[in-house]
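Take a look at the structure below.
Start at 1 and go down the list; that is how both ligands and their atoms are numbered.
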Amino acid sequence: MSRISLPGPEIADRPTSVLSHRVGAAGLCSDSASDRWFPAEPGNSASDKARQDYELYARAACLGCTVLMECRELALRIEAHPRVRAHGVWGGLAPWERDALRRRREHARRGNEPAESPAVAS
Ligand code: SF4
């Protein structure tokens, strides 16, 4: 089992516009067929296996992307809006993994636990 490192403060401090520009210009997926990065998400009633398969797919799709951390941070910011959902894989994470990371950050912000510890493992 390997861990994926999570965005550090240096990325979180960058303006959203800078992240957006960098991800859009340099992402591994920027000039490829989008279906590879945005496969149909398993629904809420999907099996654990289907969700795990999707998570593994997310890791593989983004492996080696030079803007993975920026992309992940950008998705987290986009999804911070209560009615906005960034569809599919962003920064090597499935949507529910980003939700979990966002909740961890919120807990950390409140002083309850380390922000970027554990968690996202493949
Ligand atoms: S991390 Fe993944 S989704 Fe984000 S720009 Fe890179 S390849 Fe695309």
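Atoms of ligand 1 found under 4.0 Å from any heavy atom of Leu68, numbered from 1 in the order shown, are 1 (S). Those atoms of ligand 1 that come under 4.0 Å of a heavy atom in Val89, given as number and element, are 3 (S). Taking every non-hydrogen atom of Cys71 and a distance limit under 4.0 Å, the qualifying atoms of ligand 1 come out as 1 (S), 3 (S), 4 (Fe), 5 (S).
The backbone N or O of Ala86 sits less than 3.5 Å from a side-chain atom of Arg98, completing a donor-acceptor pair.
A salt bridge links Arg109 with Glu106: at least one charged nitrogen is closer than 4.0 Å to a carboxylate oxygen.
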| Glu73 and Arg77: CA distance, side-chain angles, deciding distance, salt bridge (charged side-chain N to carboxylate O under 4.0 Å, His left out) verdict | CA-CA 6 Å; Glu73 184 63 31; Arg77 288 190 196 176; 3.5 Å; yes
| request: Verify salt bridge (charged side-chain N to carboxylate O under 4.0 Å, His left out) between Asp99 and Arg103, making sure each step is shown before the conclusion. | output: CA-CA 6 Å; Asp99 291 343; Arg103 285 193 299 271; 5.0 Å; no
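At a cut-off of 2.8 Å, Cys65 coordinates atom 6 (Fe) of ligand 1 through an N, O or S atom.
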